[in-house]
Amino acid sequence: RKYSQGVEVADQGDAERGLELMEEAIAEDSTFAMAWRKLAVLRRNTGAPEETVDEAATRAYDLRERLSDTERYLTEAQYHHYVTEDDDRAKRAYRNVLETEPDSRTALNNLAILLPEEEALELLDRAVLGPGESSVAHDNRIRNLLALERVEEASEALDLYEDRYPIE
């Protein structure tokens, strides 16, 4: 339950609260591989020390055999991106996820991070306009549009983001 709550609040843009809930989930079950994977993500997104990010990603990777194929590929991709810095292996793992789950918000967003902006934009468009929508994908899409100097589109993307995730 803590894991699901943590994912939900983090997807809504509250990474700090998501981090707290993920730590609580791991305190209840130290072999919860997906909680370790998400903990690594949230630590990285909140600027935690790199060694704590790598520690969580490595723990998830060590427990990956307990996961479904999709979860295992996500865990392997994250491990290779964060720890071994082998982005080719990370990209392959994310593409493996998308072969069976073309709307996977995690795979769409994270593969986009590893690709050149123009190529990434197609994935981020799918991420924000499809069933796998998340606040993080919106943010990355805006950043990509700005990097491509597509300012008007970035402004429209920001409006969409604010409509979907209003600041309270």
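For clarity, every value in this text was computed on a predicted model and none was experimentally measured.
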* Asked: Is a donor on one side and an acceptor on the other found under 3.5 Å between the side chain of R64 and the backbone of T75?
  -> no

* Please test V41 against Y82 for side-chain contact (heavy atoms from CB on, under 4.5 Å), starting from the C-alpha separation and ending with a verdict. => CA-CA 9 Å; V41 170; Y82 288 7; 3.8 Å; yes

* What closest approach, in Å, do T52 and A48 show between heavy atoms, and which atom pair accounts for it? -> OG1-CB, 3.6 Å

* Do other residues, nucleotides or ligands put more than 12 heavy atoms under 6.0 Å from E50 CD? -> yes

* Is it possible for you to say whether L42 and L63 belong to one hydrophobic cluster, with membership spreading through side-chain heavy-atom contacts below 4.5 Å? => yes

* Is V97 reachable from L123 through a run of hydrophobic residues whose side-chain heavy atoms are each under 4.5 Å from the next? -> yes

* Any Lys/Arg nitrogen of E76 or R72 sitting under 4.0 Å from an Asp/Glu carboxylate oxygen of the other? -> yes

Using atom types as modelled, flag every donor-acceptor pair under 3.5 Å from a side chain in residues 144-152 to any protein atom, sequence neighbours excluded.
| residue | atom | partner | partner atom | Å |
| --- | --- | --- | --- | --- |
| N144 | ND2 | E117 | O | 3.3 |
| R150 | NE | E153 | OE2 | 2.8 |
| R150 | NH1 | E118 | OE2 | 3.3 |
| R150 | NH2 | E153 | OE1 | 2.9 |
| R150 | NH2 | E153 | OE2 | 3.4 |

* Pairwise side-chain contact, L129 with L160, heavy-atom cut-off 4.5 Å (strictly under) -> yes

* Side chain of W36, backbone of S30: donor and acceptor closer than 3.5 Å? -> yes

* **Side-chain heavy-atom pair E23, R43 within 4.5 angstrom cut-off** => yes

* **Presence of salt bridge, R164 and E133, under 4.0 angstrom** => yes

* To do: Take Y79 and D54 through the side-chain contact (heavy atoms from CB on, under 4.5 Å) test and state the conclusion after the steps.
  => CA-CA 8 Å; Y79 174 78; D54 289 353; over 6 Å; no

* Spell out, as yes or no, whether a donor-acceptor pair under 3.5 Å connects the side chain of Q78 to the backbone of R37. => yes

* Structure fact -> Heavy-atom nearest pair, L114 first then A90, reads CD1-CB, 3.8 Å

* Asked: Is it the case that one hydrophobic cluster holds both Y161 and V128, taking links as side-chain heavy atoms less than 4.5 Å apart, direct or via other members?
  -> no

* Kindly say whether P102 contributes a backbone atom to a donor-acceptor pair with the side chain of R126 at under 3.5 angstrom? => yes

* Structure fact -> The reported gap from CD1 in I113 to NZ in K91 (rounded to nearest 0.5 angstrom) is 12.5 Å

* Are F32 and V7 grouped together when hydrophobic residues (ILVMFWY) are joined by side-chain heavy atoms under 4.5 angstrom apart? -> yes

* Plane angle bin for Y61 and H80 - parallel if under 30°, tilted between 30 and 60°, otherwise perpendicular -> perpendicular

* Between CG on residue N109 and OG on residue S135, distance to nearest 0.5 Å -> 9.5 Å

* Considering only NZ, NE, NH1 and NH2 on the basic side and carboxylate oxygens on the acidic side, decide whether D139 and R143 come within less than 4.0 Å. => yes

* Asked: Minimum heavy-atom separation for A33 to A60, with atom names?
  -> O-CB, 3.5 Å

* **Interatomic spacing from CG in L124 to CG in L108 - rounded to 0.5 Å** => 8.0 Å

* Hey, could you give me the CG/CG distance between L121 and N140, rounded to the nearest 0.5 Å? => 11.0 Å

* Asked: Hey, does V9 have a side-chain heavy atom less than 4.5 Å from the side chain of Q5?
  -> no

* Rounded to the nearest 0.5 Å, how far does CG of L74 lie from OG1 of T106? -> 5.5 Å

* Going through the distances and angles, do T31 and R66 end up as a side chain to side chain donor-acceptor pair (under 3.5 Å)? -> CA-CA 9 Å; T31 64; R66 310 177 75 170; 2.8 Å; yes

* Asked: What distance separates T70 OG1 from M34 CE, expressed to the nearest 0.5 Å?
  -> 9.0 Å

* **Smallest separation among heavy atoms of A35 and A25, with atom names** => CB-CB, 4.3 Å

